[in-house]
Amino acid sequence: MIDTSRRTSRRAPSRTDSVRSRSGSMLLLVLIIFAVGLILITSAMAITVSSRNRYYSASLDSQAGLTANSVAKTIANAIVAGDITDTQLEALTNSGKTVDITAATAATAAAGSAAGSNAIAPGLAGTSGSNTKATFSYYPDAATKTYILITVKTQLATASDNQSQTVSVLLKKKPVIPNTQFGSLITVGGGSTNDLMQMYVGANALGTNTTNYVVAHGSVMAASGGGQYFYSDMLFTDQLAASAGTTFYGNLIFYGNNASISTVTAGNGVHTVGGNILFLGDNASAASVFTDSSNNPTSVSGALGAGVYAEAKSGVGGGIYFKNNTLLSSANTDSAIKASVAMVVDNSSVVNFTHNYYTPSTAILRASASSTATYVPATTTTSYPYTAANESAAIVVTLRDLALKYSSSKVAAAVNRTIPSTTAAAFTEIGIAQQTGAQIVANASAVQISGSDLTTIGTKTFTGSAYYIDTSLPSTVSPTSGSEWMGSVTLNFDCTSTDITLYVIGGGTLQTGQGLIEFTRSSGTHIGRIILLDGSDILLNQNNYNTRNDTGIIGSYHTATGVGTCTTYVSFTTDGSGNVTNTYPPFLYIYGTGNNTVNACQYSTLEGFIGLYGPSGTVTLSNQPYFYGRLEATYVTYGGGTPAKVPYCPAPGDGSSGGTGSPSSYEIKGYINS
């Protein structure tokens, strides 16, 4: 039997109990939501802080990078422009120097950072310790010196972090023109007699232009056809014969044992106004002041036209100097050689006068005891004495200093160098591998203009490194039919980013007519080259300026000023005396490799360093074209009409005579960010 008397009864939940249960649940939910919210807020704050820190770090990196890049490019550009000279650059590199780069002004420091703080990173206020440094070194090492490495590091120091960026620039020395090339304003000779006539050479150069001289190898006939005005110093290594119309305004230097004056000299003779005449031999028994028609040493026995005369002008010049040289004279001819100041006999020179008429009015000074100077009148022999006072005489000091200048290694290199006489030697001189026309066609790009394009092409710009013009093809800029460019046809070779070489092949003639070949650059130190293969020529036809076009070849910082209706003209700034004050070397080199001619005609423009090497090269300036540059060729001739003008032009690397920095021999090869 089941006992039901002890069963426990259960009470139904009351309304109060239900309310309490729901309240507890809500409290728990609120607590959970609050916790989740707190987590989310904390996470958001953490993300914000992290983002801000990343942004701040990135801004520092960006600022450091911009600063380092800017400084590296500024230094590199200053070097290329010559504001930092090669000498200074190499001194810094040789010593492995690290230099601080500082702000230009105090105002820069306050512009974006706290007063007194470093202004290397303008725009970011911060603590002290920010800096930018540049370190100069060789790469890959100091032994090979393949590159100069300039490493610029910008360090930005803040209270909480430290950021840096490094930018390096590599500089490499450009392949340079051999320093003997174009060492003189004109170098001629090596073949038959050079007839230099109807030319104005070296005018309006500043006294600081130390390479304003002409070197003449081989026999030279000066002005056989008329007026000749030399303002450059003239250096002769062989025989000079003068004729009518020759006037020398610089010094005349007869250099070496083979240099002499021909006894068939006529006309004005050898006459310098404001210059001196120097005979610089090595051996008095071999070096003779006068030679006969066969270049054999001889006594002077003719009138020599107006004689040999060094005339002072405004207290300058007027001396004749003999060093290790011999002068012999015979009866009645002493008037053939004279100086308005003094004749100085030095070293082992022998000067012997014999005459019947008068005692030379000019003093003869023996400047060394080993020299000999005699005057032999009809009945008496007098030896001019050596005295110690002679050595300190002003004219002796002047002439010895001048002789020392023209015996220097720099001048000797220019004088002793001769025009390369073979095609192989020509390519060696130019500094490139010898190539045939077929090889050039295979490796360079053609420059061709055909048919109606001759009048419609306008300006075509080339920026590659190598091109060629085949003068054997009728469709080139040099049509064999003889027609010329008739419109504004301009071939522009832009050397801003690279050296550019234009080959002329085919054995024909590149003519311009009313066309223009121009080599330009907006900045930098890259050069242009025109290389003529054997037998290829250039003819810059007369510019009739009826279309008012620049014509010819331009390869310098060119200013078109307008002469009449012709716009092509090289303009120079001059001082009150007409001396050129802002000349720059051209950046175009025109080379011949054998049997080439370059002929510039009236009103055409020809600019550049012109070296016609190999067998028989000839430069002709006809009826006064506008020429600016330097010349090296077997022959330099005048082609008729108005006398040719060859104004002073600095040698390669001489920079401007106006005081600006010379362009660097280094070029930028690239930047490295790290």
Side-chain angles (χ1 to χ4, degrees), residues 180 183-197 199 201 213-224 228 230 232-243 246 248 250-272 275-300 302 304-305 308 320-328 337 349 403 406-407 411-421 611-613 615-619 631-638:
T180 55
S184 56
L185 185 60
I186 299 177
T187 300
V188 297
S192 302
T193 299
N194 232 298
D195 192 346
L196 298 175
M197 63 177 185
M199 297 177 72
V201 179
Y213 47 82
V214 172
V215 175
H217 299 295
S219 297
V220 173
M221 174 65 73
S224 64
Q228 173 83 29
F230 290 100
S232 303
D233 288 354
M234 303 292 296
L235 285 81
F236 301 96
T237 64
D238 213 306
Q239 189 184 66
L240 166 68
S243 188
T246 307
F248 298 101
N251 298 297
L252 305 184
I253 295 91
F254 293 85
Y255 196 100
N257 293 336
N258 296 320
S260 64
I261 295 174
S262 170
T263 54
V264 299
T265 288
N268 291 357
V270 179
H271 182 193
T272 181
N276 302 286
I277 302 176
L278 283 70
F279 298 92
L280 306 179
D282 298 317
N283 186 339
S285 64
S288 177
V289 171
F290 294 105
T291 52
D292 61 21
S293 58
S294 300
N295 280 24
N296 295 315
T298 188
S299 297
V300 58
L304 297 177
V308 178
I320 298 179
Y321 181 75
F322 306 92
K323 178 182 178 182
N324 298 329
N325 218 300
T326 295
L327 181 148
L328 300 176
I337 183 164
S349 296
Y406 281 107
S407 299
V411 176
V415 173
N416 292 329
R417 176 180 162 274
T418 57
I419 305 297
S421 59
L612 300 189
Y613 305 139
S616 186
T618 301
V619 177
L631 302 171
E632 293 189 339
T634 304
Y635 301 100
V636 174
T637 67
Y638 152 75

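Here the structure is a predicted model, which means the values were calculated and not measured.
The aromatic rings of Phe248 and Phe236 stand perpendicular to each other, their planes meeting at an angle above 60°, with 30° marking the opposite boundary. Using cut-offs of 30° and 60° for the angle between ring planes, the Phe279 and Phe254 rings count as parallel.
Judged as a side-chain contact (heavy atoms from CB on, under 4.5 Å), and not counting sequence neighbours, the contacts of Asn324 are Asn347, Ser348. Considering only residues two or more places apart in sequence or on other chains, Asn251 meets the side chain to side chain donor-acceptor pair (under 3.5 Å) condition with Asp233, Asn276. For Thr618, the side-chain contact (heavy atoms from CB on, under 4.5 Å) criterion is met by Thr597, Thr620, Tyr635, Thr637, not counting sequence neighbours. Scanning for side-chain contact (heavy atoms from CB on, under 4.5 Å) contacts around Thr187 gives Ser184, Val215, His217, Ile419, Glu632, with sequence neighbours left out. For Ser285, the side chain to side chain donor-acceptor pair (under 3.5 Å) test picks out Asn283, with sequence neighbours left out. A search for side-chain contact (heavy atoms from CB on, under 4.5 Å) contacts involving Asp282 returns Asn257, not counting sequence neighbours.
With rounding to the nearest 0.5 angstrom, the CG atom of Leu185 is 7.0 Å from the CG atom of Leu631. Going from atom CG of Leu252 over to atom NE2 of His271 covers 10.0 Å, rounded to the nearest 0.5 Å. In this structure, CG on Leu240 lies 8.5 Å from OG on Ser260, to the nearest 0.5 angstrom. Rounded to the nearest 0.5 angstrom, Ile253 CD1 and Ile277 CD1 are separated by 10.0 Å. Distance check, rounded to the nearest 0.5 Å: OG1 of Thr237 to OH of Tyr255 gives 10.0 Å. To the nearest 0.5 angstrom, Asn296 atom CG is 9.5 Å from Ser288 atom OG.
Closest heavy-atom contact between Thr272 and Gly250: OG1-O, 2.6 Å. Considering all non-hydrogen atoms of both residues, Ala403 and Leu280 come closest at CB-CD2, 3.8 Å. Closest non-hydrogen pair, Asn325 versus Gly281, comes out as ND2-N, 3.9 Å.
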- Query: Val188 and Thr634: side chain to side chain contact (heavy atoms under 4.5 Å, CB included), yes or no, with the steps?
  - Reply: CA-CA 5 Å; Val188 297; Thr634 304; over 6 Å; no

- Message: Run Val308 and Phe290 through side chain to side chain contact (heavy atoms under 4.5 Å, CB included) and show every step you take.
- Response: CA-CA 11 Å; Val308 178; Phe290 294 105; 4.2 Å; yes

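The shortest side-chain heavy-atom distance between Phe322 and Leu327 falls under the 4.5 Å cut-off. Using a 4.5 Å heavy-atom threshold, the side chains of Thr263 and Thr291 count as separate. Here the side chains of Asn258 and Asn295 are not in contact, with every heavy-atom distance at 4.5 Å or above.
With hydrogens and angles ignored, the 3.5 Å screen pairs a side-chain donor or acceptor of Gln239 with a backbone N or O of Asp292. Side-chain N or O atoms of Asp238 include none that pairs as donor or acceptor with a backbone N or O of Ala259 at under 3.5 Å. Of the possible donor and acceptor atoms, one in the side chain of Ser349 sits under 3.5 Å from a partner among the backbone N and O of Lys323.
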